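Report on the structure given below.
Remember, predicted model here, so these are calculated numbers, not experimental data. So you know, we letter chains A, B, ... as the sequences are listed, proteins then strands, and number each from 1.
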Amino acid sequence: MRVEGRESKIAGELLAHYDVHARKLPWRAPPGANAADPYRVWLSEVMLQQTTVAAVGPYYAKFTERWPTVEVLAAADDADLMAAWAGLGYYARARNLLACARAVTRDHGGRFPATEEGLRALPGVGAYTAAAVAAIAFGQRAVVVDANVERVVARLFAIGTPLPAARPAIRAAADRITPDTRAGDFAQAMMDLGATVCTPRNPACGLCPLREDCAAFATADPAAFPVKPAKKAKPHRLGHGWWMERDGHVWLERRPERGLLGGMRALPSGAWSDAPDPTPPINAEWRTLAEPVGHVFTHFSLALRVHHAHVDAAPDGEGEWWPIDRLDEAGLPTLFARAAAAVRKERDARN
DNA sequence: GACTCGTGGCC
DNA sequence: TGGCCAAGAGT
């Protein structure tokens, strides 16, 4: 519940700043335009989950051109959708994107629910995304809390409790400064501020319209908020990937729906345990790339030893022969795209 | 609450 | 170089 007082003037100051300094983003309705399309707001919010604006840009353009409405997206082929998402990461988002589009089309007549509660029930829509879409696309007062808002609010009120224990207090404070009108603009203004001024390191307090309201600005070290817990060290894993080539095609599998890189096309690569003596998927004259492909995931790093051979039969299990000269259309996640590039470079160097 | 789940840019 | 970080959600 919003209260009057010092906290009530923060939104006004921030919105005035936003009216002048708002970033121009493809999914953001230009000033004075009609309300944003809920489909596009939702699509952008899902893509932006834990992902930078710069990385999302080309994917957003591709998706809106190819699937301009939620109903068109709902009719998309699963493999096409996953391939289009390849490289953006967190592939559960792509699976949930399709499930959500189909739920909206089938259960809601192709219209997104206009309430936070209705949105929250959709696949891949959590507390943040539900609030953001409700506020930005439907003009509802919703308390939008992402990592930017967490940081800005923790600094405004100098909340020294470490995360994640500080979340209830941060959310309560965000609620207190969220205005009854323009909640969508307010949310985007908070996120713009967090992305461009109130940054994690070296915040540009001299440019901040809220510095006179900011309890952290009054301290020696505004960047000390919010307080974050120490992170665990990342373990290292070793895996083996298998490039099987036949008549200009390479054998690709589809990974299991759940788990890492779930639902994505991939080179066969077994389990990434540190098995020193891997079993090839088929008997052949195998060669091994001199350098393994290194890749860092969220909670571990991987060294993938890449083996390659010409074969005259398919290995056991499901898969497909994919034309090597069109491998960029297979939608390989980055790890396997890099493994494939390494094999092709080795092969080209040999010729 | 603690884990899992990608990728690229930045300092 | 390597840790940190990004418009989090699901289990």
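Picking from C:dA9, B:dG6, C:dA7 the nucleotide with the shortest atom distance to the side chain of A:Asp192 gives C:dA7. Comparing B:dT7, B:dC5, C:dG8 by their closest approach to the side chain of A:Tyr91 singles out B:dT7. Counting only heavy atoms from C-beta on, A:Leu260 has its side chain closest to B:dG6 among C:dA6, B:dG6, B:dC10. Of all nucleotides listed (C:dC4, B:dC5, C:dA6), C:dC4 comes nearest to the side chain of A:Lys231. Picking from C:dA7, B:dT7, B:dC11 the nucleotide with the shortest atom distance to the side chain of A:Leu25 gives C:dA7. Each of C:dA9, C:dC5, B:dT4 was ranked by its minimum atom distance to the side chain of A:His299; first place goes to B:dT4. Checked against C:dG8, C:dA6, B:dT7, the side chain of A:Asp146 finds its nearest nucleotide in C:dG8. Listed nucleotides: C:dG10, C:dA7, B:dG6. Nearest to the side chain of A:Asn96: C:dG10. Of the candidate nucleotides C:dC5, C:dG8, B:dC5, C:dG8 has the atom nearest to the side chain of A:Tyr128.
If you check distances only, the side chain of A:Thr51 never reaches the base of C:dG8 with a donor-acceptor pair under 3.5 Å. Between the side chain of A:Thr298 and the base of B:dG6, a donor-acceptor pair under 3.5 Å is found. Residue A:Arg23 places a side-chain atom within donor-acceptor reach of the base of C:dA7, judged by atom type and a 3.5 Å distance cut-off alone.
Positionally, the nearest nucleotide of DNA chain B for A:Gln50 lies more toward the 5' end than for the other of A:Asn202 and A:Gln50. Looking at which nucleotide of DNA chain C each of A:Lys228 and A:Ala127 is closest to, the 5′-most match is held by A:Lys228. Of the two residues contacting DNA chain C, namely A:Arg258 and A:Gln188, the nearest-nucleotide position lying further toward the 5' end is that of A:Gln188. Heavy-atom nearest nucleotides on DNA chain B were determined for A:Leu88 and for A:Lys232, and the one closer to the 5' end corresponds to A:Lys232.
Going from atom CG of A:Leu48 over to atom P of B:dG8 covers 16 Å, rounded to whole Å. Atom CG in A:Leu43 sits roughly 16 Å away from atom C1' in C:dG8 (whole-Å rounding). Here C:dA9 presents its C1' atom at 13 Å from CG of A:Leu97, a figure rounded to the nearest Å. Computed from coordinates, the A:Arg93 CZ to C:dG8 C1' distance equals 9 Å when rounded to whole Å. The nearest whole Å value for the distance from the CZ atom in A:Phe297 to the P atom in C:dC5 is 21 Å. In this structure, CD of A:Glu257 is placed 17 Å from C1' of C:dT11, rounded to the nearest angstrom. Nucleotide B:dG6 holds its C1' atom 12 Å from the CZ atom of A:Arg338, rounded to whole Å. Counting to the nearest Å, the P atom of C:dC5 and the CG atom of A:Asn148 are 13 Å from each other.
Between A:Thr52 and C:dC5 there is no side-chain polar atom (N or O) within less than 4.0 angstrom of OP1 or OP2. Put simply, A:His295 has no side-chain N or O that comes within less than 4.0 Å of OP1 or OP2 on B:dG6. Put simply, A:Arg120 has no side-chain N or O that comes within less than 4.0 Å of OP1 or OP2 on C:dA9. For A:Thr129, no side-chain nitrogen or oxygen approaches OP1 or OP2 of C:dG8 to under 4.0 Å.
Spacing of C1' atoms, B:dG1 relative to C:dA9, comes out at 15 Å, to the nearest Å. Comparing the P positions of B:dC3 and C:dA7 gives an interatomic distance of 24 Å, to the nearest angstrom. On the C1' atoms, B:dG8 is 16 Å away from C:dT1, given to the nearest whole Å.
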Practice problem: For side-chain contact (heavy atoms from CB on, under 4.5 Å), just list the numbers for A:His249 and A:Arg246, CA-CA rounded to whole Å, side-chain angles, deciding distance to a tenth of an Å, and then say yes or no. | Solution: CA-CA 5 Å; A:His249 291 63; A:Arg246 180 191 186 189; 5.5 Å; no
Practice problem: Report the C-alpha distance between A:Thr64 and A:Trp67 in whole Å, list the side-chain angles of each, state the deciding distance to 0.1 Å, and finish with yes or no for side-chain hydrogen bond (donor to acceptor under 3.5 Å, both in side chains). | Solution: CA-CA 5 Å; A:Thr64 51; A:Trp67 298 294; over 6 Å; no
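Side-chain N/O atoms of A:Gln140 and A:Thr115 include no donor and acceptor closer than 3.5 Å. Side chains of A:Thr51 and A:Arg93: a donor on one and an acceptor on the other come within 3.5 Å.
Residues A:His240 and A:His307 have side chains in contact (heavy-atom distance under 4.5 Å, counting atoms from C-beta outward). Between A:Phe112 and A:Leu122, some side-chain heavy-atom pair lies under the 4.5 Å cut-off.
Other residues, nucleotides and ligands contribute at most 12 non-hydrogen atoms within 6.0 Å of the CD atom of A:Glu291. Within a 6.0 Å radius of CZ in A:Arg111, other residues, nucleotides and ligands contribute 12 heavy atoms or fewer.
Among the protein residues, A:Val56 comes within range of no part of the nucleic acid, since none of its heavy atoms lies under 4.0 Å from any strand. Contact annotation for A:Gly259: backbone-only contact, meaning every heavy-atom pair under 4.0 Å involves sugar-phosphate atoms and none involves a base. Residue contacts for A:Gly194: at a heavy-atom cut-off of 4.0 Å it reaches no nucleic acid atom on any strand shown. Note on A:Ala147: only backbone sugar-phosphate atoms sit closer than 4.0 angstrom, heavy atoms only; bases stay farther off. The residue A:Trp85 sits apart from the nucleic acid: no heavy atom pair falls under 4.0 Å.
Shown are A:Ile136, A:Asn148, A:Leu193, A:Val144; of these, the side-chain contact (heavy atoms from CB on, under 4.5 Å) with A:Gln188 is made only by A:Ile136.
Stacking of A:Arg255 on the aromatic ring of A:Trp272 is recorded, both the 6.0 Å distance cut-off and the 45° axial limit being met.
Within a heavy-atom distance below 4.0 Å of DNA chain C, no residue of residues 62-69 of chain A is found.
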